[in-house]
Amino acid sequence: MNIALFLEMAADVFGSRTAFVDASNGESISYRGLFQAARAKAQVMRESGVAHCALIDTANLTIPVALFASGWAGLPYVPINYRLTATEIDALLARVEPALLVTDAERKQAITGRQKLVVHDRQSFREVHPVSDDVEPWTDAPDAIAVLLFTSGTTGVPKAAIMRHKHLVSYTLMTEFASAEEDEAALVSVPPYHIAGIAAILTSVYACRRVVQLPTFEPNEWLRVAREQNVTSTFVVPTMLARIVEALDGQKSANLPHLHALSYGGGKMPLNVIRRAMDLFPDTEFTNAYGLTETSSTISLLGPDDHRAAHQSDDPNAQKRLASAGTALPGIEIAIKDDVGRELGPNERGEIYVRGEQVSGEYEGIGSRIDAEGWFPTRDAGYVDADGYLFLDGRADDVIVRGGENLSPGEIEDVLREHEVVRDAAVVGVPSEEWGEAVVAAVEVSQEIAVEALQDWVRDHMRSSRVPEQIHFWDELPYNETGKLLRRVVKESFTGKDAT
Amino acid sequence: MASLATGQRLKSAVCGTEIMVISAPDADLELTCGGALMGDNEGSNGDGIDPNFASGTTIGKRYVTEDGELELLCVKPGDGSLAVNGTALKIKESKKLPKTD
């Protein structure tokens, strides 16, 4: 069991088919070319005597080469966020050395004095020098580490989440082998260090689907590439879809008749964005995918039928489903548990637990977070309704405890966002002598409004304990590049100090 | 007779078929392809393919026992067909899921 097997199978069946296209320069590589490059580079990795293959780069044709070559060579593949500061990157590299690093030519120049780092630039790494035909085969070791992903580190030191070959194989096998038609193309605009970026490579290769890489997301460029490459499916994070919808302002349709499927995940999707997107993409099927790095990507989904039903219905209950993360995938179990690990019933809010073969739930140096019965605590909060639909409600740690009452920031944010002048809202708890924690909010507004007017709005819609004591106005709320709201930053703006 | 481990790769002795074990019961099984025992090496079994097990294998298809406890993925195709303890394996019909990534 090794992810390299999937590439070999694709090359055996559709060797001449285009595997990856880099939309920034039009370069492409076939499945056979990718297989040969991965085999050659596995040899290079083995001869380097390194322990990891690190990668710091935007999407390009070298990314899948590095992923599959690492699997073949039996080395963990470690894609690192290229937006981090030099100091942060140095600290992460020190954790994976001795390593082979693949990066862009400019960064390669800048890296000096690291004895235990063999640096290749993306161009030279992809060139296949003739290697002997008898490259050592890969080892079928289900427990070997395939990928190490540093978590986004919104708090503290980044943790390295471990994904073993067995987890990624289990995830990939939900896809039907060679199921893509010749004309299918998946547009990937999530960065290489995001679990969705890795999942997209694995399932597209297994389906023998052409992948179009968009290295830097920009909404008009995304629309142009989708049109030009006749893209048939794509995955976006909510901030990307919001920007695409914004770029189409005033238009009736996105005019992408080939785009058959659009899936989204990685953060909370505002209802007005998904509704507007469904109007703009009338020929497209929408799927909401919920998953984590620690679960090898998607564990539940809300499919196209549920999207259509919710969008077309006048029934508030059916409409509400548009905000759901759907139902568990086959082979995955989801449970909601309280603080002491007791399983909760329908509509009761608690922490989301997940169990299944693709769930790794493990960090380097920390160990497995999976309990004796196989359950992994996601730290996400939410509930499951009577029909088995999962609803997310922030992070379990985000709960505000005010005077002994547990408050969900997400509920308050939803109410604030429904106000006509509020574009976005972030609600956090800050230390309070009177209440233990007090509710405060930061909002983005389209026109000036008094704090009292917004407080009244919340009071009219919710119990008074939910009314923010303070409300700050921000030009733009802080999100990381994959669409996660940085609550810590909002909190610090109220407390004036590091809240972690 | 041998027990099979998840992730294990096995080759046919009489054709090009290769499989990977996806799941297996904790029991000794006689896994054959084309009527001959599968093993670690592709073979040169002189007897050739047993005509009773000659319907072929398809790359990417999953093969299961009636009870579903044994599941194999065909990773290289061949002319022989798979069987356990003399009973032919069936192709597992997979449920098509919406693409999520």
Side-chain angles (χ1 to χ4, degrees), chain A residues 1-2 5-6 8-10 12-13 140-143 165-166 169-171 173-179 186 188 190 195-204 206-209 232-235 260-265 285-291 297-298 300-305 329-330 357, chain B residues 2-12 15-26 31 33 38-43 56-65 67-82 89-101:
Chain A
M1 185 175 280
N2 189 308
L5 170 68
F6 297 145
E8 184 187 55
M9 290 169 72
D12 278 353
V13 172
D140 284 303
D143 288 314
H165 281 273
K166 62 183 179 187
V169 166
S170 170
Y171 175 76
L173 287 177
M174 279 191 290
T175 302
E176 183 76 16
F177 176 69
S179 54
V188 176
V190 284
I195 182 63
I198 291 168
I201 294 175
L202 291 170
T203 58
S204 289
Y206 195 58
C208 303
R209 185 182 294 110
T232 52
S233 63
T234 192
F235 172 88
H260 173 70
L262 185 150
S263 58
Y264 59 91
E285 306 218 296
F286 284 78
T287 298
N288 180 6
Y290 165 63
S297 195
T298 311
S300 77
L301 64 84
L302 185 78
D305 293 341
L329 293 185
E357 280 183 16
Chain B
S3 70
L4 302 172
T6 300
Q8 192 181 349
R9 295 273 299 268
L10 289 163
K11 296 176 176 178
S12 168
C15 70
T17 300
E18 289 186 31
I19 60 94
M20 181 179 81
V21 179
I22 292 177
S23 62
D26 186 16
L31 176 63
C33 181
M38 296 190 83
D40 293 337
N41 300 303
E42 63 249 52
T57 53
T58 307
I59 187 169
K61 289 292 177 199
R62 307 223 220 160
Y63 292 85
V64 289
T65 47
D67 61 12
E69 284 198 16
L70 177 71
E71 183 169 339
L72 311 173
L73 174 70
C74 173
V75 302
K76 283 191 190 300
D79 295 330
S81 49
L82 300 164
L89 298 186
K90 296 191 312 184
I91 288 183
K92 182 185 181 183
E93 297 304 330
S94 53
K95 229 165 69 179
K96 199 161 160 47
L97 294 168
K99 192 179 174 310
T100 61
D101 48 37

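Order of the sequence lines fixes the chain letters, A, B, ..., with proteins taken first and strands second; residue numbering starts at 1 for each chain.
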[X] versus [Y]: any side-chain heavy-atom pair under 4.5 Å?
X        : Y        : result
B/Thr100 : A/Phe235 : no
B/Pro98  : A/Pro304 : yes
B/Gln8   : A/Asp140 : no
B/Val75  : A/Glu8   : no
B/Thr6   : A/Met1   : yes

Worksheet item: When you check the gap from the basic side-chain N to the acidic O, do A/Glu176 and B/Arg62 get nearer than 4.0 Å?
Response: no
Worksheet item: Side chain, backbone, both or neither: which part of B/Leu97 has an atom under 4.5 Å from a heavy atom of chain A?
Response: side chain
Discussion item. Less than 4.5 Å to any heavy atom of chain A: does that hold for the side chain of B/Lys96, its backbone, both, or neither?
Written reply: neither
Worksheet entry | Residue among A/Met174, A/Lys166, A/Arg209 with most heavy-atom pairs under 4.5 Å to chain B | A/Arg209
Worksheet item: chain B: which of A/Thr175, A/Leu5, A/Val188 shares the most heavy-atom pairs with it under 4.5 Å?
Response: A/Leu5
If I measure from the heavy atoms of chain B, does [X] come under 4.5 Å with its side chain, its backbone, both, or neither?
X        : answer
A/Ile195 : neither
A/Val169 : side chain
A/Tyr264 : neither
A/Tyr290 : neither
A/Ala178 : neither
A/Ala207 : neither

Response to the item:
Rounded to the nearest 0.5 Å, the CZ atom of B/Arg9 sits from the CG atom of A/Asn2 at a distance of 9.0 Å
Item to complete: Measure the spacing between NZ of B/Lys99 and OG of A/Ser179 and express it to the nearest 0.5 Å.
Response: 10.0 Å
Worksheet, complete the sentence: On a heavy-atom basis, the closest approach of A/Phe177 and B/Ile59 is CD2-O, 3.6 Å
Practice prompt. Over all heavy atoms of both residues, which pair between B/Cys74 and A/Met9 is shortest? Give the atoms and the distance, please.
Written response: O-CE, 3.7 Å
Worksheet item: Looking just at side-chain N and O atoms, do B/Asp101 and A/Ser297 make a donor-acceptor pair shorter than 3.5 Å?
Response: no
Worksheet entry | B/Asp79, CG: over 12 other non-hydrogen atoms inside 6.0 angstrom | no
Worksheet item: More than 12 foreign heavy atoms under 6.0 Å from CG of B/Asp67: is that the case here?
Response: yes
